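This structure is a prediction, so every number in the text was calculated from the model and none was measured. Indexing begins at 1, ligand by ligand and atom by atom, following the structure's order. For this chain, numbers begin at 1 and follow the sequence in order.
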Amino acid sequence: MARTILIAGNWKLNPADDAGALELLRQLKNRLAPFTRTEVAVMPPFTMLHLAAQILKDSRLALGAQNLYWEATGAFTGEISAPMLKAAGCKYVIIGHSERRQLFGETDATVARKIPAALQAGLVPVVCVGETLEQRESGQAQAVVHEQVRQALSGLPEAALRTLVIAYEPVWAIGTGRNATPEQAQEMHRFIRDLITDTTSAAVADELRILYGGSVKPDNARDLLGRPDIDGALVGGASLKAETFAAIVESGEIVS
Ligand code: 13P
(Lines give C-alpha, C1' and ligand atoms only; values in the text may rest on other atoms or scores of the structure.)
Protein backbone atom coordinates (compact mmCIF):
# COMPACT_ATOMS: atom_id res chain seq x y z
CA MET A 1 0.00 0.00 0.00
CA ALA A 2 1.07 3.59 -0.45
CA ARG A 3 1.94 5.10 2.89
CA THR A 4 1.83 8.90 3.09
CA ILE A 5 5.30 10.27 3.76
CA LEU A 6 5.65 12.08 7.10
CA ILE A 7 8.36 14.68 7.60
CA ALA A 8 8.60 15.70 11.26
CA GLY A 9 10.82 18.40 12.69
CA ASN A 10 12.12 17.65 16.18
CA TRP A 11 13.21 21.06 17.42
CA LYS A 12 14.74 19.62 20.61
CA LEU A 13 15.68 22.47 23.01
CA ASN A 14 15.42 25.15 20.31
CA PRO A 15 14.99 27.94 19.43
CA ALA A 16 16.09 30.09 22.37
CA ASP A 17 12.85 32.07 22.69
CA ASP A 18 9.27 32.51 21.49
CA ALA A 19 10.30 35.19 19.02
CA GLY A 20 12.54 32.68 17.24
CA ALA A 21 9.77 30.09 17.23
CA LEU A 22 7.28 32.59 15.85
CA GLU A 23 9.57 33.56 13.01
CA LEU A 24 10.34 29.94 12.09
CA LEU A 25 6.67 28.93 12.21
CA ARG A 26 5.62 31.82 9.98
CA GLN A 27 8.31 31.01 7.45
CA LEU A 28 7.42 27.32 7.48
CA LYS A 29 3.75 28.04 6.99
CA ASN A 30 4.56 30.10 3.89
CA ARG A 31 7.14 27.84 2.36
CA LEU A 32 5.24 24.61 2.94
CA ALA A 33 1.87 25.84 1.67
CA PRO A 34 2.38 24.51 -1.89
CA PHE A 35 3.23 20.98 -0.76
CA THR A 36 0.18 18.77 -0.52
CA ARG A 37 1.25 15.14 -0.88
CA THR A 38 3.51 14.94 2.15
CA GLU A 39 2.37 15.14 5.76
CA VAL A 40 4.43 17.57 7.85
CA ALA A 41 4.71 18.02 11.61
CA VAL A 42 6.73 20.30 13.86
CA MET A 43 7.65 19.38 17.41
CA PRO A 44 8.64 22.46 19.45
CA PRO A 45 9.46 22.60 23.17
CA PHE A 46 6.44 22.35 25.52
CA THR A 47 6.20 26.05 26.31
CA MET A 48 5.94 26.92 22.60
CA LEU A 49 3.12 24.48 21.82
CA HIS A 50 0.23 26.89 22.37
CA LEU A 51 1.89 29.56 20.31
CA ALA A 52 2.57 27.03 17.53
CA ALA A 53 -1.01 25.75 17.63
CA GLN A 54 -2.28 29.30 17.08
CA ILE A 55 0.05 30.01 14.19
CA LEU A 56 -0.52 26.66 12.52
CA LYS A 57 -4.30 26.54 12.74
CA ASP A 58 -5.74 26.61 9.22
CA SER A 59 -2.47 25.21 7.89
CA ARG A 60 -1.53 21.67 6.85
CA LEU A 61 1.23 21.47 9.44
CA ALA A 62 0.55 19.20 12.36
CA LEU A 63 1.91 19.73 15.84
CA GLY A 64 3.80 17.26 18.00
CA ALA A 65 5.52 17.18 21.38
CA GLN A 66 8.86 15.65 22.30
CA ASN A 67 7.94 13.66 25.40
CA LEU A 68 5.15 12.95 27.90
CA TYR A 69 4.50 11.32 31.24
CA TRP A 70 2.15 8.34 31.46
CA GLU A 71 -0.07 9.57 34.32
CA ALA A 72 -2.82 12.05 33.44
CA THR A 73 -2.61 14.16 36.61
CA GLY A 74 -1.12 13.95 40.11
CA ALA A 75 1.96 14.67 42.19
CA PHE A 76 4.57 14.33 39.44
CA THR A 77 6.55 17.55 39.56
CA GLY A 78 7.86 18.72 36.24
CA GLU A 79 5.90 16.31 34.09
CA ILE A 80 3.41 16.87 31.24
CA SER A 81 0.60 14.41 30.47
CA ALA A 82 -0.84 13.06 27.24
CA PRO A 83 -4.26 14.74 27.71
CA MET A 84 -2.46 18.06 28.30
CA LEU A 85 -0.61 17.67 25.00
CA LYS A 86 -3.81 16.74 23.21
CA ALA A 87 -5.51 19.83 24.64
CA ALA A 88 -2.58 21.97 23.49
CA GLY A 89 -3.26 20.87 19.92
CA CYS A 90 -0.78 18.05 19.46
CA LYS A 91 -1.35 15.19 17.06
CA TYR A 92 2.01 13.46 17.55
CA VAL A 93 4.34 12.81 20.46
CA ILE A 94 7.89 11.50 20.33
CA ILE A 95 8.50 8.66 22.77
CA GLY A 96 11.87 7.21 23.76
CA HIS A 97 14.14 9.50 21.79
CA SER A 98 17.76 8.37 22.21
CA GLU A 99 18.64 11.66 23.92
CA ARG A 100 16.00 10.87 26.55
CA ARG A 101 17.32 7.35 26.89
CA GLN A 102 20.95 8.46 27.14
CA LEU A 103 20.67 11.71 29.10
CA PHE A 104 17.48 11.29 31.14
CA GLY A 105 17.42 7.64 32.09
CA GLU A 106 14.53 6.48 29.91
CA THR A 107 14.39 2.75 29.29
CA ASP A 108 12.39 0.30 27.21
CA ALA A 109 10.18 -0.10 30.30
CA THR A 110 9.32 3.61 30.54
CA VAL A 111 8.77 3.74 26.77
CA ALA A 112 6.31 0.85 27.09
CA ARG A 113 4.32 2.80 29.69
CA LYS A 114 4.23 6.01 27.69
CA ILE A 115 2.90 4.53 24.45
CA PRO A 116 -0.51 3.38 25.78
CA ALA A 117 -0.91 6.71 27.60
CA ALA A 118 -0.38 8.58 24.33
CA LEU A 119 -2.78 6.31 22.44
CA GLN A 120 -5.45 6.62 25.09
CA ALA A 121 -5.36 10.40 24.80
CA GLY A 122 -5.69 10.17 21.02
CA LEU A 123 -2.08 11.08 20.25
CA VAL A 124 0.02 9.27 17.66
CA PRO A 125 3.23 8.02 19.28
CA VAL A 126 6.45 8.40 17.29
CA VAL A 127 8.47 5.67 18.96
CA CYS A 128 12.23 6.01 18.59
CA VAL A 129 14.58 3.06 18.35
CA GLY A 130 18.20 2.75 17.27
CA GLU A 131 21.57 1.32 18.15
CA THR A 132 24.77 3.03 19.33
CA LEU A 133 27.97 3.00 17.28
CA GLU A 134 29.49 0.42 19.60
CA GLN A 135 26.46 -1.84 19.16
CA ARG A 136 26.59 -1.50 15.38
CA GLU A 137 30.30 -2.15 15.20
CA SER A 138 29.96 -5.27 17.32
CA GLY A 139 27.23 -6.62 15.05
CA GLN A 140 24.38 -6.14 17.52
CA ALA A 141 22.36 -3.47 15.70
CA GLN A 142 19.47 -5.71 14.69
CA ALA A 143 19.33 -7.48 18.05
CA VAL A 144 19.18 -4.13 19.89
CA VAL A 145 16.47 -2.71 17.65
CA HIS A 146 14.54 -5.98 17.82
CA GLU A 147 14.44 -5.81 21.60
CA GLN A 148 13.47 -2.11 21.63
CA VAL A 149 10.63 -2.72 19.19
CA ARG A 150 9.47 -5.85 20.99
CA GLN A 151 9.28 -4.12 24.38
CA ALA A 152 7.67 -1.00 22.98
CA LEU A 153 4.91 -2.77 21.10
CA SER A 154 4.16 -5.81 23.22
CA GLY A 155 0.58 -5.99 24.39
CA LEU A 156 -0.69 -3.22 22.14
CA PRO A 157 -3.91 -4.00 20.26
CA GLU A 158 -3.67 -4.31 16.50
CA ALA A 159 -5.81 -1.23 15.89
CA ALA A 160 -3.33 0.87 17.91
CA LEU A 161 -0.35 -0.53 16.04
CA ARG A 162 -1.76 0.54 12.71
CA THR A 163 -1.70 4.22 13.66
CA LEU A 164 1.66 4.18 15.36
CA VAL A 165 4.86 5.61 13.87
CA ILE A 166 8.30 4.15 14.49
CA ALA A 167 11.43 6.25 14.00
CA TYR A 168 14.67 4.42 13.37
CA GLU A 169 17.39 6.77 14.60
CA PRO A 170 20.84 5.21 14.80
CA VAL A 171 22.47 7.04 17.72
CA TRP A 172 25.74 7.41 15.82
CA ALA A 173 23.98 9.39 13.10
CA ILE A 174 22.24 11.95 15.34
CA GLY A 175 23.71 15.43 15.21
CA THR A 176 26.97 14.04 13.85
CA GLY A 177 26.50 14.89 10.18
CA ARG A 178 27.07 11.19 9.54
CA ASN A 179 23.83 9.73 8.23
CA ALA A 180 23.18 6.05 7.74
CA THR A 181 23.49 5.23 4.06
CA PRO A 182 20.15 4.74 2.33
CA GLU A 183 21.07 1.04 2.07
CA GLN A 184 21.77 0.74 5.81
CA ALA A 185 18.56 2.57 6.67
CA GLN A 186 16.45 0.57 4.20
CA GLU A 187 17.89 -2.67 5.57
CA MET A 188 16.94 -1.80 9.16
CA HIS A 189 13.51 -0.49 8.15
CA ARG A 190 12.82 -3.74 6.29
CA PHE A 191 14.00 -5.66 9.36
CA ILE A 192 11.58 -3.71 11.58
CA ARG A 193 8.68 -4.21 9.17
CA ASP A 194 9.38 -7.96 8.96
CA LEU A 195 9.46 -8.08 12.74
CA ILE A 196 6.02 -6.49 12.91
CA THR A 197 4.72 -8.87 10.26
CA ASP A 198 5.94 -11.79 12.40
CA THR A 199 4.50 -10.49 15.67
CA THR A 200 1.22 -9.03 14.37
CA SER A 201 0.23 -9.24 10.72
CA ALA A 202 1.42 -8.27 7.27
CA ALA A 203 -1.52 -5.84 7.02
CA VAL A 204 -0.43 -3.93 10.13
CA ALA A 205 3.24 -3.96 9.09
CA ASP A 206 2.26 -2.64 5.70
CA GLU A 207 0.30 0.28 7.17
CA LEU A 208 2.63 1.37 9.95
CA ARG A 209 5.05 4.16 9.04
CA ILE A 210 8.75 3.88 9.76
CA LEU A 211 10.68 7.17 9.67
CA TYR A 212 14.43 7.55 9.45
CA GLY A 213 16.21 10.06 11.67
CA GLY A 214 19.87 11.04 11.95
CA SER A 215 21.51 13.88 10.00
CA VAL A 216 18.74 14.08 7.39
CA LYS A 217 19.60 17.06 5.18
CA PRO A 218 18.38 18.43 1.84
CA ASP A 219 21.20 16.62 0.03
CA ASN A 220 20.48 13.12 1.35
CA ALA A 221 16.71 13.28 1.90
CA ARG A 222 15.63 12.29 -1.59
CA ASP A 223 17.77 9.18 -1.69
CA LEU A 224 16.60 8.09 1.77
CA LEU A 225 12.93 8.82 1.13
CA GLY A 226 13.03 7.00 -2.19
CA ARG A 227 13.61 3.64 -0.48
CA PRO A 228 10.59 1.36 -0.25
CA ASP A 229 10.49 1.01 3.55
CA ILE A 230 11.47 4.58 4.49
CA ASP A 231 8.18 6.38 5.02
CA GLY A 232 9.47 9.73 6.15
CA ALA A 233 12.05 11.51 8.26
CA LEU A 234 12.47 12.74 11.80
CA VAL A 235 14.65 15.78 11.31
CA GLY A 236 16.67 17.52 14.03
CA GLY A 237 19.14 20.27 13.08
CA ALA A 238 17.82 20.80 9.56
CA SER A 239 14.30 21.43 10.89
CA LEU A 240 15.42 24.67 12.55
CA LYS A 241 15.73 26.57 9.28
CA ALA A 242 12.68 26.97 7.06
CA GLU A 243 14.81 26.70 3.95
CA THR A 244 16.41 23.35 4.77
CA PHE A 245 13.26 21.83 6.26
CA ALA A 246 11.22 22.88 3.22
CA ALA A 247 13.83 21.35 0.93
CA ILE A 248 13.48 18.04 2.79
CA VAL A 249 9.69 18.22 2.52
CA GLU A 250 10.08 18.92 -1.19
CA SER A 251 12.11 15.71 -1.51
CA GLY A 252 9.17 13.91 0.08
CA GLU A 253 6.84 15.45 -2.48
CA ILE A 254 9.06 14.35 -5.35
CA VAL A 255 9.17 10.72 -4.30
CA SER A 256 5.47 10.57 -3.32
P1 13P B 1 19.74 15.50 13.58
O2 13P B 1 18.87 15.57 12.33
O3 13P B 1 20.18 16.81 14.09
O4 13P B 1 20.85 14.50 13.38
O5 13P B 1 18.79 14.88 14.73
C6 13P B 1 18.04 13.75 14.48
C7 13P B 1 17.10 13.53 15.59
O8 13P B 1 17.49 13.23 16.70
C9 13P B 1 15.66 13.71 15.33
O10 13P B 1 14.89 13.25 16.38
Side-chain angles (χ1 to χ4, degrees), residues 5-16 20-21 24 28 38-46 48-49 52 61-68 85 90-104 106 111 114-115 118 123-133 135-136 141 144-145 148-149 152 164-182 184-185 188-189 192 209-225 230-252:
I5 286 186
L6 170 61
I7 308 291
N10 173 11
W11 290 8
K12 308 189 180 184
L13 187 55
N14 299 293
L24 179 56
L28 285 175
T38 307
E39 200 183 335
V40 185
V42 293
M43 295 149 162
F46 289 135
M48 297 169 183
L49 287 173
L61 274 79
L63 192 59
Q66 301 171 18
N67 183 28
L68 56 67
L85 295 177
C90 290
K91 175 175 182 185
Y92 294 99
V93 60
I94 297 174
I95 295 179
H97 191 279
S98 65
E99 284 150 16
R100 297 223 51 91
R101 294 179 192 252
Q102 295 203 313
L103 305 172
F104 303 102
E106 293 210 12
V111 168
K114 291 181 177 193
I115 295 170
L123 295 166
V124 176
V126 177
V127 182
C128 298
V129 298
E131 80 286 357
T132 62
L133 185 59
Q135 289 164 336
R136 175 159 283 262
V144 167
V145 169
Q148 289 172 337
V149 171
L164 199 115
V165 176
I166 292 180
Y168 169 57
E169 298 206 307
V171 177
W172 48 272
I174 296 177
T176 57
R178 176 180 170 186
N179 65 294
T181 64
Q184 284 172 321
M188 188 62 90
H189 283 226
I192 294 170
R209 287 184 291 187
I210 307 174
L211 313 185
Y212 169 76
S215 298
V216 177
K217 308 276 183 242
D219 62 359
N220 59 27
R222 190 165 163 183
D223 203 359
L224 285 159
L225 296 171
I230 302 182
D231 309 315
L234 187 53
V235 185
S239 73
L240 296 172
K241 284 209 171 77
E243 191 182 348
T244 47
F245 193 58
I248 293 168
V249 175
E250 194 173 2
S251 301

Q. In this structure, are over 12 heavy atoms from other groups packed under 6.0 Å from Leu13 atom CG?
A. no
**Q.** With sequence neighbours excluded, residues passing side-chain contact (heavy atoms from CB on, under 4.5 Å) with Thr132
**A.** Gln102, Glu134, Gln135, Val171
Q. From Asp231 CG over to Ile166 CD1, what is the distance, rounded to the nearest 0.5 angstrom?
A. 10.5 Å
Q. Sequence neighbours excluded, which residues qualify as ring-ring contact (aromatic ring centres under 6.0 Å, His included) partners of Tyr92?
A. none
Write 'none' if nothing qualifies; otherwise put on separate lines each N/O atom of ligand 1 with a protein N/O atom under 3.5 Å away and their distance to 0.1 Å.
unit_1	atom_1	unit_2	atom_2	d
ligand 1	2 (O)	Ser215	N	3.4
ligand 1	2 (O)	Gly236	N	2.9
ligand 1	3 (O)	Gly237	N	2.8
ligand 1	4 (O)	Gly175	N	2.6
ligand 1	4 (O)	Ser215	N	2.8
ligand 1	5 (O)	Lys12	NZ	3.2
ligand 1	8 (O)	Lys12	NZ	2.8
ligand 1	8 (O)	His97	NE2	2.8
ligand 1	10 (O)	Asn10	ND2	3.0
ligand 1	10 (O)	His97	NE2	2.9
ligand 1	10 (O)	Glu169	OE1	3.2
ligand 1	10 (O)	Glu169	OE2	2.9

Review item, side-chain donor-acceptor pairs of residues 239-246, under 3.5 Å, at least two apart:
unit_1	atom_1	unit_2	atom_2	d
Ser239	OG	Val235	O	3.3
Ser239	OG	Gly236	O	2.7
Thr244	OG1	Ala238	O	2.8
Thr244	OG1	Lys241	O	3.1

Q: Can you label the angle between the Tyr212 ring and the His189 ring as parallel, tilted or perpendicular, going by 30° and 60°?
A: tilted
